Protein chains: 2
Amino acid sequence: MLLKLVDLEEKRRDAILNAALKEFATKGFDEASTNVIAKESGISKGLMFHYVNSKKDLFLFLYDYCTDIINNEYLELMNFNERDIFERLRQSYLLQLELLRKHPWIFEFNKVSTITKSEEINKELEERLKGKQSLCYETMFDLIDESRFREGLDFERCKQLIFWANVGFTNQILEDIRTLENNEFDYDKIIARIDGYFNELRKLFYK
Amino acid sequence: MLLKLVDLEEKRRDAILNAALKEFATKGFDEASTNVIAKESGISKGLMFHYVNSKKDLFLFLYDYCTDIINNEYLELMNFNERDIFERLRQSYLLQLELLRKHPWIFEFNKVSTITKSEEINKELEERLKGKQSLCYETMFDLIDESRFREGLDFERCKQLIFWANVGFTNQILEDIRTLENNEFDYDKIIARIDGYFNELRKLFYK
DNA sequence: TATCTCATTGACCTATTTGGTCAATATGTC
DNA sequence: GACATATTGACCAAATAGGTCAATGAGATA
């Protein structure tokens, strides 16, 4: 369970975690390099392996760590009773932003971490996938209030368009967050931008 | 100039080209593996190197090959006098589709191929970048007819939203094209889908 | 059938990188 | 000074990198 890692002082632990998150998220398990992770963490390779045992253990630890965080600090807190799609999405943004501040690669890792050359890891992941609740297009766009939309629109296409607008917007924010090295990004400014876009979307789609 | 490759029978040449395109596009020059390219091309490594000389030569050949194609069969044919943004985008789709049929990774390669660890290649690319016309957000959304848009909309935000819708839609099409192995995708069906979306966009944004 | 030609293979080369270890050192505490 | 813990980087075997080349296959010519 990587106790040595868990008991580590927060700053260094997060440095390792985020470096690993980034490396795995961008290259996948097989192509990811522990050398890169160690270097990015700012510690020697020896020390890193002292904390994480092996590449495989680190990866699986990260997997559990991320699903836990996403479950507890995001999915659990989402209120899907909100039927206004833009309110629901806004809520989602606020929660995600909070996570991204600490772990800029957490969602990317969550997407990529599925298929591996290592049979051992594939098996472990398959095991953990059972009963895992995941956030997808379907849940996000399920049971939304259609009556607010303008007449004459194709509802399915509209949902798709709103979804794409969101993907684009999310990527823009992510890029912003990742480029600034200093941890303090302007939370309020981002939210203002988010509200600006939702305002525009309302004008477009709602009566 | 890789004469041996150019003089090759089309089927095999395209197999090599597309395998290389895909590998470079997904991993970048440094991480791309010639072993993978050879295997994906369906020929032995020895034969592949007989055709392409070296990894570097192959990459630079591909770079020129792609810019030529994109220039001659896309940018040159675009009519930027068309002021209706949706007509302009539709035009762009039709031209791109034609290219994608032959080379499913050409645009991805074009995006990724910029930064490398090899100083030699960086220099060559920098050289070729001078005076290269490229398709970007600015040119695509420049000088479009604003008067057709509904009143009260924020024009800049609208352009951004239309752009994101396009990125999303393009990716969906790309995914479709890449998953079907048989070369014959249903051109008319895709165009019908494209027109459906542009129709929806018109309803949303135009008076 | 024997010979010449050229396409094609895969074993092989060296150099680098891989995940991972460990004896040696730095650092701090009593 | 002695002890304990944190930390390093040289080192390992195994794998993989880009690239070569002697040996083979197949087809045409005679």
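As a basis for the values below, the full set of heavy atoms in this structure was taken, side chains included, without hydrogen atoms, waters or symmetry mates. Everything quoted here is computed from the prediction, not taken from an experiment. Order of the sequence lines sets the chain letters (A, B, ...), proteins ahead of strands, with each chain counted from 1.
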Think K55(A) forms a cation-pi with F29(A), using NZ or CZ under 6.0 Å from the six-ring centre and within 45 degrees of its axis? yes

Atom NZ of K39(A) and atom C1' of dG20(C): how far apart are they, to the nearest Å? 17 Å

Residues that K123(B) engages under salt bridge (Lys or Arg N to Asp or Glu O under 4.0 Å), provided they are two or more places apart: none

Should the pair R128(A) and Y63(A) be classed as cation-pi, given the thresholds of under 6.0 Å to the six-membered ring centre and 45° from the axis? no

Ring-plane angle category for F169(B) and W164(A), please: parallel below 30°, perpendicular beyond 60°, tilted otherwise. tilted

Readout for nucleotides 6-21 of chain D: B = base within 4.0 Å of protein heavy atom, S = sugar-phosphate only, - = neither; 5' to 3' it is -SBB-------SBBBB

So, E175(A) and T179(A): side-chain donor and acceptor under 3.5 Å apart, yes or no? no

